Amino acid sequence: MTEDYYQTFHACVLSTRAYKERDVLIKLLTENYGKRMFLIRNIKSPKNALRLVAFPFVRGEFIGHINKSGLSFLNQVNDYQFPKRTVEDIEINAYATYMSGLADAVVNDNIPVPKLYELFLQGLERLEDIPQAAIVLNIFELQLLPLFGVPINLKRCAICGRTSGPMDYSVKYHGLLCQEHFSNDLRRLHWAPRTTVMIQRLAQANLATLNSVHVSNATIQNLRRAIDQLYEEYVGLHLKSKTFIDQMVDWQPKNNARES
């Protein structure tokens, strides 16, 4: 790919950190250049318009010099969206931080993955307007699994291909089992039928057009446990941001309702 001195590109901010006394390093997930680390000089100057975008989860159109290796440099921002709700709400901020950590972990730097950029961008957008933001995180996690190279089947029974009736997940078969084949794996994950149906739906959901989703607290809790099982088995990441989400759940009042 031929690179001019300056490029105009779309990107989302994954993270920022101070660098020396007056500069900042900002990691961007770009649409066409993959993950890149950029240096913004003199970030504390009131005349530096880039100080307005040096925050996690900001997304917009940037102008900068993208180097093939080492640090790149941001020069200007043409247009950007500041995620007000995500910044102000501790729960949604935790979800966005975890999503950023997953997006950072799933692919090496400098490798363009348009699907990842699209999914992350849409996830940030939906966190701003979906009341049950935990569902947005669930969709993001499930649809990120193929980018981690996880070969799971959430559409039909891994043995007979059946698509209807009660289903459960089998790590042994890397997919769902229908009720007739539950005995093939006594160590299946024992998801509640409602959980399995919701995971099937969320794995196929379109974040770009997702409207409000209303599910019970019991379903949300079971979805969290089920997706955690998948990530523990197949991905094995243990991010601090996920630990915070787990602690945040413990702060909330316990809901003893069960789903079938």
Side-chain angles (χ1 to χ4, degrees), residues 1-3 7-17 19 24-40 53-62 64-74 80-81 83 86 93-127 136-154 174 199 202-208 210 227-245:
M1 179 183 296
T2 301
E3 295 182 327
Q7 293 87 36
T8 300
F9 55 93
H10 291 91
C12 305
V13 180
L14 290 176
S15 62
T16 66
R17 72 171 187 264
Y19 181 73
V24 67
L25 293 175
I26 178 170
K27 179 172 279 191
L28 298 182
L29 177 62
T30 73
E31 184 176 18
N32 297 319
Y33 302 96
K35 291 184 305 173
R36 301 273 178 155
M37 187 70 78
F38 291 82
L39 175 66
I40 302 178
V53 300
F55 296 93
F57 324 128
V58 168
R59 49 200 181 273
E61 183 181 79
F62 300 87
H65 180 204
I66 297 180
N67 290 318
K68 293 182 178 180
S69 61
L71 292 177
S72 297
F73 297 87
L74 282 183
Y80 69 95
Q81 293 174 285
T86 301
N93 189 281
Y95 296 154
T97 301
Y98 180 46
M99 286 167 52
S100 296
L102 291 175
D104 198 3
V106 74
V107 66
N108 292 330
D109 291 350
N110 307 334
I111 300 176
V113 183
K115 174 61 178 177
L116 174 61
Y117 175 81
E118 178 185 34
L119 187 63
F120 185 63
L121 177 66
Q122 292 171 353
L124 292 180
E125 290 174 345
R126 293 291 76 78
L127 285 179
V136 176
L137 174 59
N138 294 157
I139 294 172
F140 181 82
E141 289 174 293
L142 288 169
Q143 297 188 9
L144 198 65
L145 283 173
L147 297 182
F148 274 112
V150 177
I152 63 173
N153 163 32
L154 296 173
H174 301 294
I199 283 181
L202 297 181
Q204 300 299 318
N206 186 345
L207 273 174
L210 184 71
I227 295 172
D228 282 351
Q229 287 176 313
L230 293 178
Y231 266 75
E232 183 64 30
E233 178 65 34
Y234 292 113
V235 180
L237 280 178
H238 298 94
L239 300 176
K240 290 183 179 179
S241 51
K242 178 57 171 60
T243 301
F244 181 78
I245 290 174

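In this chain, residues are counted from 1 in sequence order. This one's a predicted model, so the numbers in the text were calculated from it and none came from an experiment.
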Nearest heavy atoms of L127 and Y95, plus distance in Å
CD2-CB, 4.3 Å

Criterion side chain to side chain contact (heavy atoms under 4.5 Å, CB included) against E141, the qualifying member of L137, I139, L144
L137

With D109 via side-chain hydrogen bond (donor to acceptor under 3.5 Å, both in side chains) - residues at least two apart
K35

Kindly determine whether L207 and E125 satisfy side chain to side chain contact (heavy atoms under 4.5 Å, CB included), including the steps that lead there.
CA-CA 9 Å; L207 273 174; E125 290 174 345; over 6 Å; no

Residues L124, T86; criterion side chain to side chain contact (heavy atoms under 4.5 Å, CB included); working and verdict
CA-CA 8 Å; L124 292 180; T86 301; 5.6 Å; no

Crowded around Y19 OH? As in, over 12 foreign heavy atoms under 6.0 Å?
no

One should read off an interatomic distance between I26 CD1 and L74 CG, to the nearest 0.5 angstrom, of 6.0 Å

Do F140 and L119 come close enough that some side-chain heavy atom pair is under 4.5 Å?
yes

dist E61:CD -> Q81:CD (nearest 0.5 Å) comes out at 12.0 Å

Could you give the distance from CZ (R36) to CG (L14), rounded to the nearest 0.5 Å?
13.5 Å

Within the 4.5 Å heavy-atom criterion, are V58 and P83 side-chain neighbours or not?
yes

Closest non-hydrogen atom pair, A103 against L116:
O-CD2, 3.7 Å

Pairwise side-chain contact, L29 with D104, heavy-atom cut-off 4.5 Å (strictly under):
no

Check whether the side chains of Y117 and H10 place a donor and an acceptor atom closer than 3.5 Å, and report yes or no.
no

Of all heavy-atom pairs linking Q143 and A203, the shortest is NE2-O, 3.4 Å

side-chain hydrogen bond (donor to acceptor under 3.5 Å, both in side chains) partners of N153, counting only residues at least two apart:
none

Taking the six-membered ring for Trp, are the ring centroids of Y98 and Y231 within less than 6.0 Å of each other?
no

So, for G34 and T30, which heavy atoms are closest and what is the spacing to 0.1 Å?
O-OG1, 2.8 Å

Do T16 and L25 have side chains that get closer than 4.5 Å, going by heavy atoms?
no

What distance separates H65 NE2 from S72 OG, expressed to the nearest 0.5 Å?
7.0 Å

What residues, two or more places apart in sequence or in another chain, satisfy side-chain hydrogen bond (donor to acceptor under 3.5 Å, both in side chains) together with R126?
D129

Please state whether the rings of F9 and F38 are parallel, tilted or perpendicular, taking 30° and 60° as the class boundaries.
parallel

Please report the C-alpha distance between L142 and I199 in whole Å, then the side-chain angles of each, then the deciding distance to 0.1 Å, and finally whether the side chain to side chain contact (heavy atoms under 4.5 Å, CB included) criterion is met.
CA-CA 8 Å; L142 288 169; I199 283 181; 4.1 Å; yes

Separation between CG of N206 and CD of Q122, rounded to the nearest 0.5 Å
6.0 Å

Heavy-atom side-chain contact between Y234 and H174 under 4.5 Å
yes

Of all heavy-atom pairs between R59 and C12, which one has the smallest distance, and what is that distance?
CB-SG, 3.9 Å

Could you pull out the closest heavy-atom pair between I66 and Q7, with the gap in Å?
N-OE1, 2.9 Å

How about T97 and L239: do any of their side-chain heavy atoms sit closer than 4.5 Å?
no

Check whether any side-chain heavy atom of D228 sits under 4.5 Å from a side-chain heavy atom of K242, and report yes or no.
yes

Any side-chain heavy-atom pair from T243 and H238 closer than 4.5 angstrom?
no

What's the verdict on side chain to side chain contact (heavy atoms under 4.5 Å, CB included) for L28 and Y33, showing C-alpha distance, side-chain angles and the deciding distance?
CA-CA 10 Å; L28 298 182; Y33 302 96; over 6 Å; no

